[in-house]
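One structure below.
In what follows, chains carry the letters A, B, and so on, assigned in the order in which the sequence lines appear, proteins first and then strands, with residues in each chain numbered from 1. Not measured: the values here are computed from a predicted model.
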Amino acid sequence: MSETPTPPSAGTLQRPVAAGDHVFLVDGSSYIFRAYHALPPLTRKSDGLPVGAVSGFCNMLWKLLKEANEVGVRPTHLAVVLDHSATTFRNAIYPLYKAQRPDPPEDLRPQFSLIRHAVQAFNVACVEQEGFEADDLIATYADQAVAAGADVTIVSSDKDLMQLIRPGVVMLDTMKGKTIGRDEVIEKFGVPPEKVVDVQSLAGDSIDNVPGVPGIGIKTAAQLIETYGDLESLLAAAGEIKQPKRREALIANAEQARISMRLVTLDTAVPLTVPIDQLVVRAVDGARLIRFLKAMEFSTLTGRVAAATGVEQSKVDPDFALAAASARTGEAEAGSSPGGEPLPEGSLAAASVALAETVAGLTPSALAAARADAARASPVDRSTYETVTSLEQLVGWVRRASERGVVAVDTETTSLDPMQAELVGVSLAVGPGEACYIPLAHRGAGDGLFNEGILEGQIPLRAALDALKPMLEDRAVLKVAQNLKYDWLILARYGIEIAPYDDTMLISYVLDAGRGPHGMDPLSEKWLGHTPITFDDVTGKGKARITFDRVAIDRATAYAAEDADVTLRLWQVLKPRLAAEGMANVYETLERPMIPVLSAMERRGISIDRGMLSRLSGDFAQAAAGLEDEIHKLAGQPFNIGSPKQLGDILFGVMGLPGATKTATGAWATGASILEELAEQGYELPQRILEWRQLTKLRSTYTDALPSYQHPETDRVHTSYALAATTTGRLSSSEPNLQNIPVRTEAGRKIRRAFVAAPGTKLVSADYSQIELRLLAEIADIPALRQAFRDGLDIHALTASEMFGVPVEGMPSEVRRRAKAINFGIIYGISAFGLANQLGIGREEAGAYIKRYFERFPGIRAYMDETRRFCREHGFVTTLFGRRCHYPEINSKNPSVRAFNERASINARLQGTAADIIRRAMIRVAPALEAARLNARMLLQVHDELIFEVPEDEVDATVPLVTQIMEKAPEPAVALHVPLKVDARAADNWDEAH
DNA sequence: CCTGCCCCATA
DNA sequence: GTATGGGGCAGGA
């Protein structure tokens with residue numbers, strides 16, 4: 001590359017400016033605005049991120065550095081100078097200065113920090129300084145350069161910089177491709193550069209809100225300055241001016257003109273934090289630059305840079321933190337299906353490789369391995385954590401986060417319940433060991449009566465959030481959290497919507513579901529070999545537990561900053577594994593997008609009829625009390641019916657009823673099936689006990705518990721969904737568990753009736769019909785079953801007919817019931833033992849059923865064999881959408897453990913695929929409703945059912961929309977050979993809607 | 001006060 | 001036979 005000589009000083013950080021040098025000062029801020037308006041809009045192809053200004057900026061910078069530029073000289077020193085903040089010393093002079101400047105347009109905003117990344121990628125100095133405008137920095141650098149005998153080119157067309165032009169200093173308008181020198185300034189202002197400020201202080205500037213003298217514009221100002229020499233001379237001689245209006249205006253606004261002079265005059269004495277010597281041009285690192293350009297998807301420039309630097313671009317991956325795959329929140333599909341079928345959406349195939357910040361030649365798995373090694377190598381050192389107590393400190397951390405492009409975030413609050421929690425502090429980590437805690441609402445460790453006030457030395461909460469919000473919402477800064485849904489809910493209540501984001505818990509879940517817990521402490525142990533301070537350590541536990549706002553700030557810093565530190569390290573270890581193990585697609589399409597979906601559902605909650613539950617509770621209690629008397633009478637003595645131990649003694653010890661069996665621990669078994677057996681034989685006591693158990697269960701678990709979960713402000717019940725709790729991909733619900741609300745018995749359904757629609761709305765319940773059986777037909781590839789579903793037949797009756805040779809017409813219900821049990825048994829990984837239990841028949845008979853079933857449906861036996869074989873070989877099974885469910889004990893020497901894992905793995909493919917499908921539907925519902933301008937809100941998910949709250953007059957429009965989304969949810973990733981069927985209904989309560 | 005066990009509610 | 005969460009009891013701290 002003889003055309004692109006390495007600067008003589010390459011590799012050194014600084015070299016004094018000397019005669020013959022050429023200093024280029026790029027006015028970054030004004031360039032960005034200009035490029036935005038002048039260039040055609042450009043968005044990144046794969047996700048629509050606006051990048052027009054970034055593109056223009058990169059092309060300009062490349063030209064300056066490597067190709068012929070208009071000045072015909074290459075810089076020895078170069079800096080991109082940016083405005084740091086809206087407030088500068090000029091606001092002290094004149095508060096209205098730039099006060100009415102509108103916010104930058106929406107699609108320009110995210111480009112600012114991208115341009116900072118660009119400057120870094122070019123290995124060019126980026127200068128910005130608190131309290132000064134870019135123009136002042138440029139003025140100061142220009143002065144120093146000229147003093148040292150160097151030439152200066154200011155890359156800008158901003159008229160405010162024209163005052164700096166003099167021998168040795170020119171401006172360069174790269175977009176118009178022309179230089180601006182003395183002549184051009186005279187053309188614009190009518191005066192030479194040294195008198196530009198005089199003209200500007202008279203003419204003012206409406207855009208920057210420089211007042212000037214009313215009625216005097218550039219032309220008149222130039223004329224006056226031409227005549228009188230400068231502003232002061234003019235003001236001194238104002239009385240002599242002939243035109244009365246002009247005379248009066250000048251006299252009346254003399255002071256205003258002087259203020260304007262101070263506003264427009266650039267400060268050439270800024271105390272520079274980056275000395276001019278450090279602006280020396282450094283060698284471009286081709287790979288680094290290409291990483292950035294690829295992430296931006298600037299293919300033309302990437303090609304040029306590759307050619308000029310000799311870097312093979314195919315060996316460089318896009319910058320992981322900036323690439324579309326990381327920035328998106330999961331709206332797109334994957335590049336290819338797990339089965340290898342090509343899909344219409346292709347963008348993610350390349351992007352998932354981009355997840356790793358690979359250097360050229362390092363494969364994703366090599367990177368993942370290297371990261372895992374490195375994680376254990378650098379120990380966690382809590383002593384380096386910083387407590388952030390001033391806004392200046394905080395701004396520094398925010399800036400660092402923006403520069404790095406990745407930051408781990410954790411919130412500390414007053415409660416584990418995100419619906420009740422108040423923010424107490426925030427911790428950040430920008431690199432391993434580089435972490436801080438920002439206490440915001442810590443109180444004294446008082447007894448609750450005294451020391452109530454917020455401790456001093458904390459940044460006011462609002463100010464801190466205002467400082468954090470732009471970074472937390474900046475699309476160029478990836479936020480990493482552990483169990484983000486919690487922090488998302490907290491921050492949402494403070495008006496912050498984090499984007500883009502990663503969740504280490506979900507990454508771990510995608511990679512290792514079934515291989516252990518995904519909480520931070522176990523993950524830290526597993527991957528970092530480090531034991532973090534536990535929450536209990538800091539807050540105590542049980543009765544002695546204190547809320548986090550009472551934790552001493554230094555202690556809180558150690559705990560909270562460590563959490564952020566550990567989270568970032570976990571992310572570094574786990575994230576590369578996604579690409580290496582081909583799981584990025586599952587994470588991005590099935591996990592990450594669920595965070596906002598579930599957050600919204602939890603935040604919304606569901607309405608319950610408290611009075612109805614209270615009445616039910618009384619009814620149940622009364623009925624149970626009656627049964628209790630009866631039971632004691634039948635038993636011949638009072639005892640605790642709720643104690644299985646005592647009950648077993650009465651039934652089998654005292655009364656000597658038949659069919660006694662023992663549990664694993666040697667106690668009498670008193671489960672429902674045993675009591676039912678006895679009841680059928682005519683014993684009255686077991687029947688009464690079953691009734692008593694049902695009533696007391698319904699009362700304690702539901703009618704009494706549910707009202708206690710009503711939120712004090714919303715008056716609704718807000719469950720919590722766990723995304724990483726099951727091996728199969730199902731969600732789980734807790735506090736309260738709304739996925740096990742009774743439905744089978746009449747008494748139970750009364751509880752369901754207490755889940756009601758808000759006034760003016762209906763509850764709509766939409767559930768998949770026999771989804772797992774349909775997926776069995778699909779996955780096991782059973783043509784007869786597939787066809788039966790396509791024909792809309794009664795699948796259990798058909799199974800019975802095939803197995804027992806009974807015609808479907810007039811089939812006895814008992815025959816159909818048996819076939820139904822077998823179908824369910826298949827889904828559960830059938831065993832003769834289990835089927836026998838379910839049907840109340842002998843093991844041999846059950847075994848014969850299974851044998852006959854497999855004879856009739858050999859494909860299903862093949863499916864089960866293949867699943868077992870695959871799981872034994874790999875330790876996991878996959879769903880249709882590529883989710884992996886791990887069964888590490890599948891090869892256990894213990895036959896019953898092994899058999900259990902085989903059944904679970906057979907079930908997991910079906911249950912897991914169904915879970916994937918409803919997740920896909922859930923992710924699509926909100927955008928579809930919005931597009932249709934419907935106001936329905938998803939409230940609950942119960943594995944194969946979604947419950948919505950729908951304005952009454954929108955029910956008719958909402959039901960088909962939701963049904964359609966659910967039935968088509970597998971598409972386009974997977975084209976099923978069986979139809980999915982969804983039943984939906986609207987009513988005033990959940991029971992009638994279901 | 002915590003833990004293991006039993007039992008039971010759902011899909 | 002699969003997947004969960006939770007309440008009450010009983011035993012050990």
* To do: Give a yes/no answer on whether the side chain of A:Thr701 brings an N or O atom under 4.0 Å of OP1 or OP2 in B:dA9.
  => no

* Asked: Across the strands shown, which category fits A:Glu735 at heavy-atom distances under 4.0 angstrom: base, sugar-phosphate, nothing?
  -> sugar-phosphate

* Would you mind classifying the nucleic acid contact of A:Arg693 as base, sugar-phosphate or nothing, using non-hydrogen atoms under 4.0 angstrom? => sugar-phosphate

* Is A:Arg730 touching bases, backbone alone, or none of the nucleic acid, heavy atoms closer than 4.0 Å? -> base

* A:Phe804 ring center near A:Tyr849 ring center (under 6.0 Å) -> yes

* Asked: Counting any heavy atom closer than 4.0 Å, what does A:Ala821 reach on the DNA or RNA strands: base, sugar-phosphate only, or nothing?
  -> base

* Any idea which of B:dA11, B:dC6, C:dT2 is nearest the A:His994 side chain? -> B:dA11

* Identify which nucleotide among B:dA9, C:dA3, B:dC1 has an atom closest to any side-chain atom of A:Tyr887, counting heavy atoms from C-beta outward. => C:dA3

* Structure fact -> When rounded to the nearest 0.5 Å, the distance separating CD of A:Glu735 from CG of A:Asp417 is 7.0 Å

* To do: Provide, to the nearest angstrom, the distance between the CZ atom belonging to A:Phe620 and the C1' atom belonging to C:dG7.
  => 16 Å

* Asked: Is the shortest distance from a Lys or Arg side-chain nitrogen in A:Glu949 or A:Arg604 to a carboxylate oxygen in the other one below 4.0 Å?
  -> no

* Between B:dA11 (P) and A:Asn823 (CG): distance, integer Å -> 18 Å

* With a non-hydrogen cut-off below 4.0 angstrom, is A:Ile741 in contact with a base, only sugar-phosphate, or nothing? -> sugar-phosphate

* Side-chain ion pair, A:Arg920 and A:Glu967, N-O less than 4.0 Å -> no

* Asked: What is the distance from CG of A:Leu695 to C1' of B:dA9, rounded to the nearest Å?
  -> 14 Å

* Asked: Rounded to the nearest Å, what distance is computed from the CD1 atom of residue A:Ile689 to the P atom of nucleotide B:dC8?
  -> 11 Å

* Among the nucleotides B:dC7, C:dG7, B:dA9, which one has an atom lying closest to any side-chain atom of A:Ser700? -> C:dG7

* Carboxylate-amine/guanidinium proximity below 4.0 Å for A:Glu855 and A:Arg852 -> no

* To do: Just call it for A:Gly825: base, sugar-phosphate, or nothing, with non-hydrogen atoms closer than 4.0 Å on any strand.
  => base

* Asked: A:Thr726 has a side chain; which of C:dG11, B:dA11, C:dA3 sits nearest to it?
  -> C:dA3

* Asked: Within the structure shown, what part of the strands sits under 4.0 Å from A:Ala672 by heavy-atom distance: base, sugar-phosphate, or nothing?
  -> sugar-phosphate

* Base, sugar-phosphate, or nothing for A:Ala832, non-hydrogen atoms under 4.0 angstrom? -> nothing

* Under 3.5 Å, is there an N or O donor on one side and an acceptor on the other linking the side chain of A:Lys697 and the base of B:dC8? -> yes

* Asked: Under a 4.0 Å N-O cut-off, is there an ion pair linking A:Asp512 with A:Arg884?
  -> no

* Whole Å only: how far is the CG atom of A:Leu698 from the C1' atom of C:dG7? -> 12 Å

* Residues within residues 904-913 of chain A bordering DNA chain C, heavy-atom distance below 4.0 Å -> A:Ala904, A:Asn907, A:Gln911

* **Closest listed nucleotide, where the reference is the side chain of A:Thr728 and the choices are C:dT4, C:dA3, B:dA11** => C:dA3

* To do: Would you please indicate yes or no on a ring centroid separation below 6.0 angstrom for A:Tyr587 and A:Tyr509?
  => no

* Asked: Under 4.0 angstrom, heavy atoms only, what part of the nucleic acid is A:Asn740 near: base, sugar-phosphate, or nothing?
  -> base

* To do: Report yes if a side-chain nitrogen or oxygen of A:Thr727 is closer than 4.0 Å to either non-bridging phosphate oxygen (OP1 or OP2) of C:dT4; otherwise report no.
  => yes

* Across the strands shown, which category fits A:Ser831 at heavy-atom distances under 4.0 angstrom: base, sugar-phosphate, nothing? -> base

* Structure fact -> Closest of C:dG11, B:dA11, B:dA9 to the A:Tyr828 side chain is B:dA11

* Asked: Can you check whether A:Thr665 has a side-chain N or O nearer than 4.0 Å to OP1 or OP2 of B:dC5?
  -> no

* To do: Have a look at A:Gln646 and say if it touches a base, only the backbone sugar-phosphate, or nothing, with a 4.0 Å heavy-atom cut-off.
  => sugar-phosphate

* Structure fact -> Atom CD of A:Gln694 and atom C1' of B:dA9 are separated, to the nearest Å, by 10 Å

* Which nucleotide sits closest to the side chain of A:Phe900: C:dG6, C:dA3, C:dC9? -> C:dA3

* At under 4.0 Å between heavy atoms, what does A:Asp767 touch on the DNA or RNA strands: base, sugar-phosphate, or nothing? -> nothing

* **Atom-to-atom span, CD of A:Glu945 to P of B:dA9 - whole angstrom** => 18 Å

* Asked: What class does the angle between the rings of A:Phe652 and A:Trp668 fall in, given that below 30° is parallel, 30 to 60° is tilted and above 60° is perpendicular?
  -> tilted

* Go through the steps for A:Arg816 and A:Asp794 under the test salt bridge (charged side-chain N to carboxylate O under 4.0 Å, His left out), then give the verdict. => CA-CA 10 Å; A:Arg816 184 178 180 280; A:Asp794 177 342; 2.9 Å; yes

* Of A:Arg985, A:Arg752, A:Arg753, which is the lone residue that meets salt bridge (Lys or Arg N to Asp or Glu O under 4.0 Å) with A:Asp991? -> A:Arg753

* Please report, rounded to the nearest Å, how far the C1' atom of C:dC9 is from the CD1 atom of A:Ile650. => 16 Å

* Asked: When all nucleic acid strands are considered with a 4.0 Å heavy-atom cut-off, which category describes A:Thr696: base, sugar-phosphate, or nothing?
  -> nothing

* Examine C:dT4: is either OP1 or OP2 under 4.0 Å from a nitrogen or oxygen in the side chain of A:Ser733? Give yes or no. => no

